Amino acid sequence: MRKIIICFFLFISFAGICQSTVKSKVQSSSLPFRPNILWLVTEDLSPVIPPFGDSTIVTPVLSRLAKEGVRYTHVFSPSGVCAPSRAAIALGMYPSRVGAMHMRNGFWAAGRPSASVAEAQRKSFPPDIPYYEAVPPPDARMHSEYLRMQGYYCSNRFKQDYQFVAPVTAWDDCSPTAHWHGRQAGQPFFSIFNFEVTHESQIWGKAKDSMWVAADAVVKVPPYLPSTPVALNDIRRMYSNVKEMDYQIGKMIDQLEKEGLLDSTIIFWYADHGGPLPRQKRLCYDSGLRAPLIIRYPNKWRAGQIDSQLISFVDFLPTLMSMSNTKPTELTDGRSFAGAYESKTKRKYIHGGGDRFDEQYDMIRAVRDQRYKYLRNFEPTKGYYLPVAYREQMPIMQELLRLHKSHQLNEYQEQWFRSSKPKEELFDTYTDPYELHNIADDVKYNSKLIELRNECDRWMNEIDDKGKMKEIDYLHSIWHGDNKPVTADPVILRHSNSINMSSATPGASIGYKITHNNSEQSVWSIYQKPVPLLPGDKLKVIAHRIGYEPSRILEF
C-alpha cells in the first residue's frame with residue numbers, strides 16, 4: 001500500500017512538473033497567448049538617444065518606452081543600408097544568401113514608377129544590369145505571411161523596399177492608411193508603421209524647416225566628422241529630426257492607450273540600420289550596422305532592463321513567430337531571442353556586409369563578437385569613399401569633400417578618403433568605439449584575428465555568399481536566361497464542395513478570393529487547406545513565388 005501511495009504522489013508531482021513546463025513554454029515571457037505586435041520603425045539612426053547613453057537631446061517618449069521596456073544594446077543590421085536590411089528582416093535570411101545585398105535591385109518598391117522617374121533612377125544604376133528581384137530559396141515566406149497564416153491581421157504603412165515585390169498574400173493592408181483598425185473584433189494584429197523623418201534625405205530635405213533643437217545647441221560630433229558651421233548645422237538637423245520622430249512615436253503610443261491596447265501589445269521601436277551622416281550609412285562600421293532597439297512588453301514585463309546579447313536582424317522573424325506562440329520556421333538564418341520558443345543558445349557572432357551602392361561596386365564582409373570587429377575588404381585597391389550622388393546632396397558631405405580637396409581634414413577625418421584599404425581590419429570596439437585604429441597587424445591580437453577570419457570563411461561558405469559572384473552572373477543564375485522567371489499558374493481541383501489548389505513552382509504562395517452573393521473578398525486569403533465553396537460562389541486564384549513574376553489571376 002505504501003508503494004502505491006508513493007507512486008501516486010510521484011505521478012502527481014511529475015504531472016505537475018509537466019504542466020508547469022508546458023505553461024512555462026507558452027508563457028515564458030509573461031505574454032498573452034496571442035499578443036498584438038506593433039513595430040515602430042525609424043530610419044537611418046544610430047543609438048543617439050538618452051536611453052542608449054547620448055544626452056545631447058531629450059526624447060521623452062522613447063525614454064518612457066525604455067523605462068517601461070527592455071533596451072537591447074547590441075543589435076545589428078547585416079547591411080548599412082535600408083533595402084538589404086529590410087530583406088533580412090522580412091525573410092529572416094542574410095541578404096548575401098538570397099541575392100539581396102546590392103542596393104538596389106530594382107525600383108518597384110512603391111509600385112512601378114513613371115517613365116520620367118524610372119529614367120532619373122536609371123542614371124544611378126549599372127547600365128548592364130536590368131532591374132531584377134532577389135530570389136530566396138523555395139518556400140521562403142515573409143514575416144507577415146507567417147503571422148497571417150496564424151490568424152493575425154497584418155498591416156504595413158507603407159514602405160516595403162524588400163529587394164523583391166511582396167506577394168499579395170503578405171498583407172491584409174499595405175497602404176498609406178494601413179492600420180490595425182482594419183482587423184475584425186478580437187483579432188490579434190501585427191502592424192508596422194514607418195517613420196521617414198530621420199532618413200538621410202531629410203538632412204537636406206528639411207533644410208528650410210524650423211529646428212526642434214536650438215540653433216546654437218551643443219551637439220556631439222564624431223571624430224571622423226568636422227566641426228565647421230556647415231557640419232554642425234547638419235548634425236543639429238539630425239538631432240532635430242530625432243526629436244520630431246520621438247513626437248510622432250508618441251502619437252502612436254497615445255492611440256494604443258486610448259484604445260486600451262497598451263498592455264496587450266508588444267511594441268518594437270527600432271531603426272533599420274545606423275545613422276544618416278557620412279561614414280555611417282552604407283558602411284560596415286558599427287556606425288552603419290548598429291541599431292537601437294527597445295521592446296515594451298505587456299504589463300511592463302522586464303521594465304527598465306538592459307539586454308546586451310548579440311542580435312541580428314535575421315533574428316527578428318523567428319522572434320516574431322515565437323512571440324505569437326508559433327514555432328519558428330527552420331528556413332531562416334536567425335534564432336528567437338524572446339517569446340515562447342526563445343533559443344537556448346545565444347549568438348557568438350554578428351555578420352554583415354556591403355556590396356553595390358547605386359552604380360558603385362565594393363565588397364566588404366564583417367564579423368563581430370561582443371568586443372571585436374573584423375572586416376575583410378575584397379577590393380583593397382579601391383578607396384573607402386565611393387561617390388554616391390544621393391548622399392552628396394547633403395551639405396556636410398559637400399563640406400567633407402571641400403575640406404578633403406583643400407587638405408584641411410585631420411588624420412581621422414581623412415581616413416575615409418584613403419585611396420586604398422587593407423585586406424583585413426580588426427577593431428577593439430571597447431577602447432575604439434569609432435573604429436579608427438586598425439589592430440590587425442598587432443601580434444597581441446593575432447589569435448582573435450585568426451578566430452574572426454575563420455568565422456568569416458565559415459559563414460560565407462555556409463550561406464553560399466552570392467557576393468562572390470559578379471552581379472550579372474547572379475542574375476543569370478536566377479533567371480536561367482534573359483527573362484525573369486514566372487510563377488506557374490495555379491492548378492484547381494474540385495472535390496465535392498471544396499477546392500484544392502497547387503502550383504508547379506516550388507515554394508509558391510497561393511492567394512484566393514471568393515465572391516459570394518456578388519460580394520468579393522477585399523483581401524487575398526492564403527491557401528493552406530481545401531477551401532469550401534458554396535453553389536454559385538466564384539473564385540479568383542493567383543500564385544507567386546518571391547522573386548518571380550506572379551502567375552496570371554485565374555477565375556473559376
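These numbers come from a predicted model, not from an experiment. In this chain, numbering begins with 1 at the start of the sequence shown. Computation of the quantities below employed the complete heavy-atom set of this structure, encompassing side-chain atoms and omitting hydrogens, waters and symmetry-equivalent molecules.
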Exercise for the section: Begin from the C-alpha positions of L539 and Y512 and carry the test side chain to side chain contact (heavy atoms under 4.5 Å, CB included) through to its verdict. Expected result: CA-CA 7 Å; L539 186 69; Y512 68 91; 4.1 Å; yes
Exercise for the section: Evaluate the criterion side chain to side chain contact (heavy atoms under 4.5 Å, CB included) for residue pair I267 and L256; output intermediate values, then yes/no. Expected result: CA-CA 10 Å; I267 302 171; L256 280 178; 3.6 Å; yes
Practice task
Show your reasoning for whether side chain to side chain contact (heavy atoms under 4.5 Å, CB included) applies to M323 and I295.
Solution key: CA-CA 12 Å; M323 288 177 167; I295 301 181; 4.2 Å; yes
Practice task
Please lay out, stage by stage, how L40 and F268 fare under the test side chain to side chain contact (heavy atoms under 4.5 Å, CB included).
Solution key: CA-CA 6 Å; L40 304 173; F268 278 61; over 6 Å; no
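When every heavy atom of L554 is checked against every heavy atom of P490, the shortest pair comes out as CD1-O, 3.5 Å. Between S79 and L289, the shortest heavy-atom distance links the atoms C-CD2, 3.4 Å. Pairing each heavy atom of V165 with each of E133, the nearest pair is N-OE1, 2.9 Å. Contact between S503 and T487 at its shortest, heavy atoms only, is OG-CG2, 4.0 Å. Counting all heavy atoms, side chain and backbone alike, P318 lies closest to P328 at O-CG, 3.5 Å. Here the closest heavy-atom approach between residue I526 and residue E145 is recorded as CD1-CG, 3.5 Å.
Between V41 and I192, some side-chain heavy-atom pair lies under the 4.5 Å cut-off. M501 places none of its side-chain heavy atoms less than 4.5 Å from the side chain of V491. You'll find the side chain of F164 stays beyond 4.5 Å of the side chain of R545, heavy atoms only. The shortest distance between side-chain heavy atoms of V70 and Y297 falls below 4.5 Å. At a threshold of 4.5 Å between non-hydrogen side-chain atoms, the residues H544 and T505 do not count as touching. You'll find the side chain of I266 reaches within 4.5 Å of the side chain of P298, heavy atoms only. In this structure, T73 and D307 have side chains that are not in contact, with every pair of non-hydrogen atoms separated by 4.5 Å or more. Two residues are said to be in side-chain contact when any heavy atoms from C-beta on lie closer than 4.5 Å; L45 and V242 meet this criterion.
Rounding to the nearest 0.5 Å gives a distance of 12.5 Å between OG of S312 and CZ of R368. If you take CD1 on I249 and CD on E244, they are separated by 11.5 Å, rounding to the nearest 0.5 Å. Here R148 contributes atom CZ and W171 contributes atom CH2; the two are 10.0 Å apart, rounded to the nearest 0.5 Å. Atoms OG and CG, from S240 and D234 in turn, are 11.5 Å apart once rounded to the nearest 0.5 Å. Atom-to-atom distance recorded for Q280:CD and D44:CG is 9.5 Å, nearest 0.5 angstrom. Atoms CG and CZ, from D173 and R183 in turn, are 14.0 Å apart once rounded to the nearest 0.5 Å.
Not a single donor-acceptor pair under 3.5 Å links the side chain of N156 to the backbone N or O of C174. Not a single donor-acceptor pair under 3.5 Å links the side chain of E68 to the backbone N or O of W301. Of the possible polar contacts, one joining the R34 side chain to the S324 backbone as a donor-acceptor pair under 3.5 Å is found. Although no hydrogens or angles enter the test, the distance criterion places no donor-acceptor pair under 3.5 Å between the side chain of S77 and the main chain of H273. Using a distance-only test at 3.5 Å, with no hydrogens or angles considered, no donor-acceptor pair links the side chain of D333 to the main chain of V314. D246 places a side-chain N or O within 3.5 Å of a backbone atom of L62 that can act as its donor or acceptor partner. Put simply, the side chain of T265 never gets that close to the backbone of L262: no donor and acceptor are under 3.5 Å apart.
If you look at F190 and W39, their ring centroids are closer than 6.0 Å. You'll find the ring centres of H179 and F193 inside the 6.0 Å limit. The ring of Y72 has its center no closer than 6.0 angstrom to the ring center of Y270.
Legend: salt bridge (Lys or Arg N to Asp or Glu O under 4.0 Å) pairs involving residues 255-270, not counting sequence neighbours, sorted by first then second residue: R64-E257, D263-R296.
Screening Y152, F189, Y153 against W180 for a ring pair (Phe, Tyr, Trp, His ring centres under 6.0 Å) leaves a single residue, F189. Under the side chain to side chain contact (heavy atoms under 4.5 Å, CB included) test applied with L277, the options R237, E200, M394, R391 reduce to a single match, M394.
Inspection of the R141 and S509 side chains reveals an N or O donor paired with an N or O acceptor under 3.5 Å. Side-chain atoms of Y94 and R97 form no donor-acceptor pair, as typed in the model, at a separation below 3.5 Å. Counted by atom type alone, D537 and H516 present one or more donor-acceptor pairs between their side chains at under 3.5 Å. Checked by atom type, the side-chain pair S519/N517 shows no donor-acceptor distance below 3.5 Å. Side-chain N/O atoms of S155 and S191 include a donor and acceptor closer than 3.5 Å. Between the side chains of T198 and Q202, no donor-acceptor pair is found at a separation under 3.5 Å.
In the displayed structure, E520 atom CD is contacted under 6.0 Å by more than 12 heavy atoms of other residues, nucleotides or ligands. Few gaps surround OH on Y390; more than 12 heavy atoms of other groups in view lie less than 6.0 Å from it.
Note: Y162 and H143 have perpendicular aromatic rings, judged against thresholds of 30 and 60 degrees for the angle between ring planes.
Taking a cutoff of 4.0 Å between a charged side-chain nitrogen and a carboxylate oxygen, R347 and D315 qualify as a salt bridge. A salt bridge links E342 to K346: at least one charged side-chain nitrogen sits closer than 4.0 Å to a carboxylate oxygen.
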